Number of protein chains: 2
Amino acid sequence: MARLNLGNINPHIVEAKYAVRGELAVKSEEYRARLKKGDKSLPFSQVISANIGNPQQLDQKPITYFRQVLSLLENPKLLEHEDVLINSLGYKTDVLERARWLLDHVGSVGAYSASAGAPAIKESIAKFLERRDGFPADPAHIYLSAGASSGVNTLLHIICASPTTGVLVPIPQYPLYTASLSVLNSTCVPYYLDEAAHWGTSLAAIKESYSKAKADGIDVRAIVIINPGNPTGASLSEEDVRSVLEFAAEEKLVVMADEVYQTNVFIGKFHSFRQVLLTLQKEHPGKYDEVELASLHSVSKGMVGECGHRGGYFDLIGFKEEVEEQIYKFVSITLCAPVIGQCLVELMVNPPKPGEPSYELYNQEYSAIFNNLKSRAYTLYEAFKEMEGVECGEPQGSMYIFPTIHVPPKAAEAAKKEGRTPDEFYCMRLLEATGVCVVPGSGFGQVEGTLHFRTTFLAPGTEWVGSIKKFHKEFMDKYR
Amino acid sequence: MARLNLGNINPHIVEAKYAVRGELAVKSEEYRARLKKGDKSLPFSQVISANIGNPQQLDQKPITYFRQVLSLLENPKLLEHEDVLINSLGYKTDVLERARWLLDHVGSVGAYSASAGAPAIKESIAKFLERRDGFPADPAHIYLSAGASSGVNTLLHIICASPTTGVLVPIPQYPLYTASLSVLNSTCVPYYLDEAAHWGTSLAAIKESYSKAKADGIDVRAIVIINPGNPTGASLSEEDVRSVLEFAAEEKLVVMADEVYQTNVFIGKFHSFRQVLLTLQKEHPGKYDEVELASLHSVSKGMVGECGHRGGYFDLIGFKEEVEEQIYKFVSITLCAPVIGQCLVELMVNPPKPGEPSYELYNQEYSAIFNNLKSRAYTLYEAFKEMEGVECGEPQGSMYIFPTIHVPPKAAEAAKKEGRTPDEFYCMRLLEATGVCVVPGSGFGQVEGTLHFRTTFLAPGTEWVGSIKKFHKEFMDKYR
């Protein structure tokens, strides 16, 4: 027997890759620590963490109404001082009402809730889904989770039955999917998104990947869609959503719709898989009745941006009861999602309405965050358009831009000498020169021979965008 | 292709068992809902959830200092009203100081922290471990987790390399361990605790299980210890802890010490595996240097009782750096533990000290909870002693009592007819007659031919204890 080492621990974890918090992220944190200690030897004065969608680490402020309610849930004794809250601290009456309602229906946020989440919050989510999609929802098929990541983990655990179980995953993709499939020792079946069509889904590409996997003996059971896209920033058309559902119906694939960026849409509108599926079911009686759809959402992104609270949910359509029983058992093993995060889900899906005391400030904050994100996205987009060898579509949604970069052959050679891919090499030099941390396209997957990087547009100011432009010019000049 | 069903989903999840929230718990929730709707047809007027260690669902109130700090972390704007907080709302200055310190070092609780947790909180935990054990700790080896369950999940994911990987698990045990090993498709190697010796660890039993598993081709890599015990309520002697560590050193087993009940000790004192290991290392230079120890703790139990917040941590001794890198990557995939739960860990390990403004109230609340738990434990114990065919040791710690029950042969026959084990049958009848929900011993494992149930002693009042006594007498009379 030997101590645990790379050779005897779980090989599927050793194989898993997760670049969003990989080498570059670790190095950027070292730089941040050096700067904090007063190190003046670096060529930049701050680190910009554009590698991760972490809104409140950067500039995004929490929404006042949400946090006022949460403060009362954490300390319900404050509710004994109604006059102080209202007259001295600016809490509106609807804040107090919502907190009382949650305390009455959920109980202490320090107690475990039911395994699948507090029933009252599941009912609120069902009403939200009905308002959003125009079709009623059943709270019995809604599961609160610790962010959407935990929901993805649950669903893949259920679906992945063996090493030959395959899941169609878009490329480029948020690496949670490939990493989780590695850990579960199942097969990722990549399908490429169409960069030429604003990173939309290409049914031809999906079918080709599916057929190839089947021919290789893979039992493809599910298809993942990230809409709006991560890392691509794409926002799918209704037609794209329909065609995926048609394909899923034909092949009896579970559809996993990762819709955590549903409110981050700058062009057109968000089309939920749920709404489109239920419309298809209505239009074509019988044909879509057995489609299994899991839609995921969270409090981490959008104008809420509360990722540190780890709140989220998924809702299921078309799953057999015997399967839902297994999902219930699986989520029971980890007891329940964080209850204060569950309460944030309630606030997200049921925010102040026009006419209510907190509405005006809520709406003002919400709109300001949205407009800020949009204007930052366009600032970056305009900068990328001006950069030699960089191509980038107009920002459509989510929190990311994913430009193509073309680097000179000499840069590719230099990268090879360092044992890096050219995009890793580019991103490492960018970090060293500017303190801006982005993620190389290889961390998400990209068509062979193409190079990209993903940057968030969460950081305030324009100085860092200027520093990327300056770095890029110097990089191109050096390796030309 | 077919829809997902029991035959084609992950078989390891289908196999997993988790009784704490199983059929009885589900039925008890149905009863609770019926009572809430005014149903008068049940023979009881309230449901007592004695099946799960969920302190704040029952009578335990949160500690004021903790929740005051959390309310400020959720709404930092309150800190702009220092005079109102202090003069109108009774917040002490140390509450404000701690909140400011956390906001300064952790940032917004709505932002992701570093993957392994906020560095400042890891430093606080290290100082706590040093104070508790008398040996310094290194924050680099501390990982914040979403409750201890999530830490167990991480560690077992790393350790379980294949179906023949074995982990020694005490029987009876908290079913998180067997359920997780099922999901991971690895092998549970049960070793029986010694009921005759207050449910202590028997080295002979451990060795016997270990040898048998090895002979069966199992690669036993780790041993789990739950101390104080769940469901047994045992509190291990220093000698028991030493003997486990000696055995682990000989056989190079990773020791997983689940110490979430470390402050729930009524008899003697808590001996942490960390303290005993570091003492052994000092006493016997070289011999214990390579022992790998993972100790787990959480905010869920003890006098904190904040399980809904999903806060916890584990600390590692003796793990290779290459293995810790894999642990870091694995926890990165789910981004970070809930940040407000991390802040609760900070408050738990670093509570108000004597002389500080909040100390008096903190100490009063803490002591009252401790004394309440202890007195309830003894109330139950006294009741069990009087019940025919029930045997029960004096309560030592944790939140549970795990009495043996002897039921008449006729009851066993009636159980068989229902397709239940006799202990399941007993617990189901108890629930139906009294509304008291406990968990049958078979949910935790027990020596063949013996029967037990686990009850928490969290519920207030003595009426429910009386109703158990009354039920038991009737049950025995009926089946005698």
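Below, chains carry the letters A, B, ... as their sequence lines are ordered, and counting in each starts from 1. If you're wondering where the values come from, they're calculated on a predicted model, not measured in any experiment.
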Participant: Tell me, do B:Phe330 and A:Asn10 make a side-chain contact under 4.5 Å, heavy atoms counted?
Facilitator: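 B:Phe330 vs A:Asn10: side chains apart.
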Participant: Can you sort out the partners of A:His157 under side chain to side chain donor-acceptor pair (under 3.5 Å), two or more places apart, ordered by chain and number?
Facilitator: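 Per chain and number, A:His157 pairs via side chain to side chain donor-acceptor pair (under 3.5 Å) with A:Asn153.
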Participant: What part of A:Tyr112 is in contact with chain B, defined as an atom under 4.5 angstrom from a non-hydrogen atom: side chain, backbone, both or neither?
Facilitator: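 The answer is both parts of A:Tyr112.
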Participant: How long is the gap from CD1 on A:Ile340 to CD on B:Glu306, to the nearest 0.5 Å?
Facilitator: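 The distance works out to 10.0 Å.
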Participant: Does any backbone or side-chain atom of A:Ser150 lie under 4.5 Å from a heavy atom of chain B? Answer side chain, backbone, both or neither.
Facilitator: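 The answer is neither part of A:Ser150.
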Participant: Please state whether the side chain, the backbone, both or neither of A:Ser186 comes within less than 4.5 Å of a heavy atom of chain B.
Facilitator: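 For A:Ser186, neither part sits under 4.5 Å from chain B.
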Participant: Are any of the side-chain heavy atoms of B:Ile158 and A:Ile13 separated by less than 4.5 Å?
Facilitator: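 They are in side-chain contact.
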Participant: Taking the side chain as every heavy atom from C-beta outward, state whether B:Tyr18 and A:Thr334 have any pair of such atoms under 4.5 Å apart.
Facilitator: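 B:Tyr18 does not reach A:Thr334 side chain to side chain.
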Participant: How many angstroms lie between atom CG of B:Leu4 and atom CD1 of A:Ile327, to the nearest 0.5 angstrom?
Facilitator: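 Separation between the atoms: 8.0 Å.
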Participant: Give, for atom CG of B:Leu89 and atom OG of A:Ser88, the distance between the pair rounded to the nearest 0.5 Å.
Facilitator: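 With rounding to 0.5 Å, CG (B:Leu89) is 8.0 Å from OG (A:Ser88).
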Participant: Mind checking the CD-OG spacing from A:Glu74 to B:Ser71? Nearest 0.5 Å is all I need.
Facilitator: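 Going from the CD atom of A:Glu74 to the OG atom of B:Ser71 covers 8.0 Å.
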Participant: Only pairs of heavy atoms separated by less than 4.5 Å count here; which of B:Lys61, B:Gln68, B:Lys17, B:Glu292 has the most with chain A?
Facilitator: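 Among the listed options, the one with the most contacts to chain A is B:Glu292.
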Participant: So for B:Pro338, is it side chain, backbone, both, or neither that comes closer than 4.5 Å to the heavy atoms of chain A?
Facilitator: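 Both parts, heavy atoms under 4.5 Å.
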Participant: Go through the atoms of B:Ala222 and report whether side chain, backbone, both or neither lie under 4.5 Å from a heavy atom of chain A.
Facilitator: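 For B:Ala222, there is no contact with chain A at all, as no heavy atom is under 4.5 Å.
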Participant: Chain B heavy atoms under 4.5 Å from A:Cys307: which part of the residue, side chain, backbone, both or neither?
Facilitator: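 The answer is both parts of A:Cys307.
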Participant: Among A:Gln57, A:Lys77, A:Lys329, which residue has the highest count of heavy-atom pairs closer than 4.5 Å to chain B?
Facilitator: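 Between A:Gln57, A:Lys77, A:Lys329, the count favours A:Lys329.
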Participant: Counting only non-hydrogen atoms closer than 4.5 Å, does A:Val14 touch chain B with its backbone (N, CA, C, O), its side chain (CB onward), both, or neither?
Facilitator: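 Both backbone and side chain.
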Participant: Checking heavy atoms, do the side chain of A:Leu73, its backbone, both or neither come under 4.5 Å from chain B?
Facilitator: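 Contact with chain B: backbone only.
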Participant: In terms of heavy-atom proximity below 4.5 Å to chain B, should A:Arg310 be classed as side chain, backbone, both, or neither?
Facilitator: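 Contact with chain B is through the side chain of A:Arg310 alone.
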Participant: Tell me which of these, B:Val183, B:Val109, B:Val339, B:Val84, has more heavy-atom pairs under 4.5 Å with chain A than the rest.
Facilitator: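 Greatest number of close heavy-atom pairs with chain A: B:Val109.
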Participant: As an exercise: rank B:Ile9, B:Asn54, B:Leu6 by heavy-atom pairs under 4.5 Å with chain A and give me the winner.
Facilitator: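 Answer, by heavy-atom pair count under 4.5 Å with chain A: B:Asn54.
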Participant: Is it the side chain or the backbone of A:Phe66 that comes within 4.5 Å of chain B heavy atoms, both, or neither?
Facilitator: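 For A:Phe66, neither part sits under 4.5 Å from chain B.
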Participant: What part of A:Pro119 gets within 4.5 angstrom of chain B, counting heavy atoms only: side chain, backbone, both, or neither?
Facilitator: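 Neither the backbone nor the side chain of A:Pro119 comes within 4.5 Å of chain B.
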Participant: Is chain A contacted by the side chain of B:Val106, its backbone, both, or neither, given a heavy-atom distance below 4.5 Å?
Facilitator: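 Neither part.
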